[in-house]
Amino acid sequence: MGHTFLLMPELPEVETVRRSLARHVEGRTVTEVEVGDPYVLRGQAVEVFREGLTGQTLRSTCRHGKLLFFPLEDKTLIVHLGMTGQLTIRLPHRHDTPFAVHKKTGLQRTLQHAPDKHTHISLYLDNGAALHYRDIRKFGRFFHLPIVTEDKVISHFNLGVDPLTEAFTTDYLKRGLAHRKVALKAALLDQKFIAGLGNIYVDEALFQAGLRPGRGAYRLTLPKCELLREAIVQVLEKGIEAGGTTLRDFVSGEGQAGYNQEGLLVYGRYGKPCPRCGSVLKRGVYGGRTTSWCSRCQQ
DNA sequence: ACCTCGACCTGGGCGC
DNA sequence: TGCGCCCAGGTCGAGG
């Protein structure tokens, strides 16, 4: 008790989880399914979920935007981590380590922990490992759908392009922004347009591109769209390389903390000096989310 | 079709 | 130690 694990799952965090789980789950067969709190299933029948997954083999691990999914034999297991969802593997030969201190950040992390009252779903695998889903706020959700292609998963959830694919071109960005009267930041948070950006990486990308979050999305010129596209790709790739952003106790599927938080330039830093020009970072709300930006560096 | 805003949850942090 | 309030990485649906 007393320790919490908060995940900030935007694209880089979800990709970090996917990569760290891959070697533990790919090719494994589900032997048993436990559902603690069916809320996470959002109305799907518990028995249908359990029986649908038991005996199925996890063929691979996939991600599109913030959506994580696992193709099975004749269906797909799909996970959205919401705000505080964690998907971690618990290996039989390892000791649980509720607390450890991250070398660089000093943040607490866990390498592996036993299920607790926030663990809502557990999949037991044929190698003795268990895949636990833990989610304090329960904004996350699990699905299993009788579809097998990645395209169909993406269209089922109405997701836009993943910004780390070739479909994310300057043209796509320009055309998608052209008709939107909302703030640029709000447009970038729309998962039907670009799948994977969230509050942290949007603020970081806008700062890097030198663009004001509150300006009308439709006003972006093609050259600015190119700058923005590059900035988005760069901040996301950097986030993945850093193993995600750990503000509190984010852990990968293997219990590793990320360290991208050390490189955040504006997110959550309103009221503090701009790392580039020193003027005080502004605070505002766009797309319903708290936003930080530099009014001198971002025009 | 587009947009805004509250609802959905639990817990941390802060002021008193 | 406790209470009340505000805040938090994300959607989703009702209503304008």
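Here is how names work: the chains are called A, B, and so on, in the same order as the sequence lines, proteins then strands, and each is numbered from 1.
- Here the CZ-OG distance, from A/Arg296 to A/Ser279, works out to 5.0 Å after rounding to the nearest 0.5 Å.
- Counting any heavy atom pair closer than 4.0 Å across all strands shown, A/Gly288 reaches no nucleic acid atom.
- Between C/dA14 and B/dC9, the distance separating the two P atoms is 15 Å to the nearest Å.
- For the pair A/Tyr286 OH and C/dG9 P, the computed distance is 16 Å after rounding to whole Å.
- In this structure C/dG4 sits in a base pair with B/dC14, meeting the Watson-Crick or G-U test at under 3.5 Å.
- As rounded to whole Å, 12 Å separates atom C1' of C/dC12 from atom CG of A/Asn158.
- The phosphate of C/dG10 (OP1 or OP2) has no side-chain N or O of A/Gln191 nearer than 4.0 angstrom.
- Across every strand in view, B/dC3 sits in a pair with C/dG15 that passes the Watson-Crick or G-U test at under 3.5 angstrom.
- For the pair A/Asp37 CG and B/dC8 P, the computed distance is 16 Å after rounding to whole Å.
- For A/Arg137, the listed nucleotide lying nearest its side chain is B/dC9; candidates were B/dC9, C/dG9, C/dT11.
- With ring centers used as reference points, A/Tyr39 lies 6.0 Å or more from A/Phe139.
- Contact annotation: A/Thr290 reaches the phosphate of C/dA8 (side-chain N/O to OP1 or OP2, under 4.0 Å).
- In this structure, A/His156 atom NE2 and C/dT11 atom C1' are separated by 15 Å, rounded to whole Å.
- Residue A/Tyr267 is classed as a sugar-phosphate contact, given heavy-atom separations below 4.0 Å to backbone atoms only.
- If you take CG of A/Leu11 and P of C/dG9, they are 17 Å apart, rounded to a whole angstrom.
- Of the two residues near DNA chain C, A/Arg283 and A/Leu189, the one whose nearest nucleotide lies more 5' is A/Arg283.
- Between A/Arg18 and A/Glu15 there is a salt bridge, since at least one side-chain N of the basic residue sits less than 4.0 Å from a carboxylate O of the acidic one.
- What separates CZ of A/Arg269 from C1' of C/dG9 is a distance of 18 Å, to the nearest Å.
- Side-chain contact check for A/Leu206 versus A/Lys185: some heavy-atom pair is nearer than 4.5 Å.
- With centroids closer than 5.5 Å and planes inclined by less than 30 degrees as the test, A/Phe139 and the base of C/dT11 fail to qualify as a stacked pair.
- For C/dC12 and B/dG11, the P atoms lie 23 Å apart once the distance is rounded to whole Å.
- With C1' as the reference atom, B/dC3 and C/dG9 are 23 Å apart, rounded to whole Å.
- Rounding to whole angstrom units, CG of residue A/Leu67 and P of C/dT11 are separated by 9 Å.
- Regarding contacts with the backbone of B/dC9, every side-chain N or O of A/His118 stays at 4.0 angstrom or more from both OP1 and OP2.
- Look at CZ on A/Arg134: it is 11 Å from C1' on B/dT10, rounded to the nearest Å.
- Residue A/Lys138 has a polar side-chain atom (N or O) positioned under 4.0 Å from OP1 or OP2 of B/dT10.
- Among the nucleotides B/dC9, C/dT11, B/dG11, the one closest to any side-chain atom of A/Lys66 is C/dT11.
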Nucleotide N/O of nucleotides 1-4 of chain B paired with protein N/O under 3.5 Å:
residue	atom	partner	partner atom	Å
B/dC3	OP1	A/Lys181	N	2.9
B/dC3	OP1	A/Val182	N	3.4

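- Comparing C/dG10, C/dG9, B/dT10 against the side chain of A/His80 picks out C/dG10 as the nearest.
- Note on A/Lys117: a side-chain N or O is less than 4.0 Å away from OP1 or OP2 of B/dG11.
- Listed nucleotides B/dT10, B/dC9, C/dG9 differ in distance to A/Tyr39; the shortest reach to its side chain belongs to B/dC9.
- Linking ILVMFWY residues whenever their side-chain heavy atoms come closer than 4.5 Å, directly or via other members, leaves A/Val285 and A/Leu211 in distinct clusters.
- Under a 4.0 Å N-O distance rule, the pair A/Arg289/A/Asp203 does not qualify as a salt bridge.
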Could you go step by step and tell me if A/Tyr172 and A/Phe193 meet the ring-ring contact (aromatic ring centres under 6.0 Å, His included) rule? CA-CA 9 Å; A/Tyr172 178 84; A/Phe193 175 35; 5.4 Å; yes
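- Comment: A/Arg23 engages A/Glu254 in a salt bridge, judged by a side-chain N to carboxylate O separation of less than 4.0 angstrom.
- Of the candidates C/dC12, C/dG9, B/dG11, the closest approach to any side-chain atom of A/Arg141 belongs to C/dC12.
- Picking from B/dG11, C/dG9, C/dT11 the nucleotide with the shortest atom distance to the side chain of A/Met83 gives C/dG9.
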Could you go through A/Arg269 and A/Ser292, starting from their C-alpha distance and side-chain angles, then the distance that decides it, and tell me whether this counts as side chain to side chain donor-acceptor pair (under 3.5 Å)? CA-CA 6 Å; A/Arg269 299 192 61 248; A/Ser292 291; over 6 Å; no
